Amino acid sequence: AEAAPLEAQQAEGPQREAPTAEPIARPDPVIKADQGFWAAEGLGARMRKASAISLYLMDPAAQLLKAVDEADLKDAGCEYTTHDPALIASFAEAVESTSVHSNSFTLQFEPREAVYLTVDGGNAIRLLLEKPYPNQAEVLGLVDRQPVTASKSLVEALYRWAAKLPRVRKCEAFVGRYR
């Protein structure tokens, strides 16, 4: 008769202690801005494994007489290139922390920023963005051939990243303020 109450007490023991025990602290999930886009496209991991980055920037204040295309950007823009793994990781973090969404717009924009990440033995990830406009929170762009809409902060992140590299004189007017 004594065994049953002892077993019942042992079975009830943890139940009685549960309300007084400290609740298990679970950290809030860390959500990066639109982490889904980079993960869904498999680009985040590929960016981090890049062996080189070439960034081309064109002065956003420049008013050109003709529409700019990717070739014009490479010819007239400033080139910032690195093979430094730390700078590549810094770039990947900057890009992944900004909001980018897949879109289905008809591609009609002038690229003012272009990024080429050399990955997978010579293949490249290509990112093109239009210049930021004062009254717009987002810019149009392409990641490889996928149309995207990106927060304007992505363009600023590119300028901040470029400021970590050696100066390019003709772009110091807008990149220099991030040094």
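Because the structure is predicted, anything quoted here is derived from the model rather than measured. Note: hydrogens, waters and symmetry copies are ignored here, and every other heavy atom, side chains too, is used.
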- Query: What distance do T82 atom OG1 and K164 atom NZ have between them, rounded to the nearest 0.5 Å?
  - Reply: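 So the gap between those two atoms works out to 11.0 Å.
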- Spacing of CD1 belonging to I88 relative to CG belonging to L117, to within rounding of 0.5 Å: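 These two atoms lie 7.5 Å from each other.
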pair [X]-[Y]: side-chain heavy atoms closer than 4.5 Å:
{"X": "I53", "Y": "L87", "result": "no"}
{"X": "V168", "Y": "E79", "result": "no"}
{"X": "P60", "Y": "R112", "result": "no"}
{"X": "L43", "Y": "V95", "result": "no"}
{"X": "P147", "Y": "L142", "result": "yes"}

- Could you note down all residue pairs passing side-chain hydrogen bond (donor to acceptor under 3.5 Å, both in side chains) where residues 127-139 supplies at least one of them, sequence neighbours left out?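 Checked against side-chain hydrogen bond (donor to acceptor under 3.5 Å, both in side chains) - neighbours excluded - no pair reaches residues 127-139.
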With sequence neighbours excluded, residues passing side chain to side chain donor-acceptor pair (under 3.5 Å) with [X]:
{"X": "N103", "answer": "T149"}
{"X": "R169", "answer": "none"}
{"X": "T118", "answer": "none"}
{"X": "S51", "answer": "none"}

Tell me every residue that passes side-chain contact (heavy atoms from CB on, under 4.5 Å) with [X], counting only those two or more places apart in sequence or in another chain.
{"X": "D75", "answer": "none"}
{"X": "R145", "answer": "none"}
{"X": "A89", "answer": "none"}
{"X": "A76", "answer": "M58"}

- Query: In this structure, which one of M47, R46, R48 forms a side-chain contact (heavy atoms from CB on, under 4.5 Å) with V119?
  - Reply: R46
- Pairs touching residues 108-140 that satisfy disulfide (SG to SG under 2.5 Å), sequence neighbours left out: none
Do you know the tightest heavy-atom contact between [X] and [Y]?
{"X": "L128", "Y": "A114", "result": "CD2-CB, 3.4 Å"}
{"X": "V139", "Y": "P132", "result": "CG1-CA, 3.7 Å"}
{"X": "R160", "Y": "S153", "result": "NH2-O, 4.3 Å"}
{"X": "V175", "Y": "L57", "result": "CG2-CD1, 3.8 Å"}

- Which pairs pass ring pair (Phe, Tyr, Trp, His ring centres under 6.0 Å) with one or both residues in residues 52-91, sequence neighbours excluded?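 The answer is Y56-Y116, F91-W161.
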- Message: Under a 3.5 Å cutoff, is there a donor and acceptor pairing between the side chains of Y159 and E113?
- Response: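 A pair is found: one side chain offers a donor N or O, the other an acceptor, under 3.5 Å apart.
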- Exam field: side chain R179 to backbone A163, donor-acceptor pair closer than 3.5 Å: yes
- Task: Mark yes or no for whether E110, through its side chain, and V68, through its backbone, hold a donor-acceptor pair below 3.5 Å.
- Result: yes
- Does any pair with a residue in residues 49-68 pass salt bridge (charged side-chain N to carboxylate O under 4.0 Å, His left out), and if so which ones, sequence neighbours excluded? K66-D72
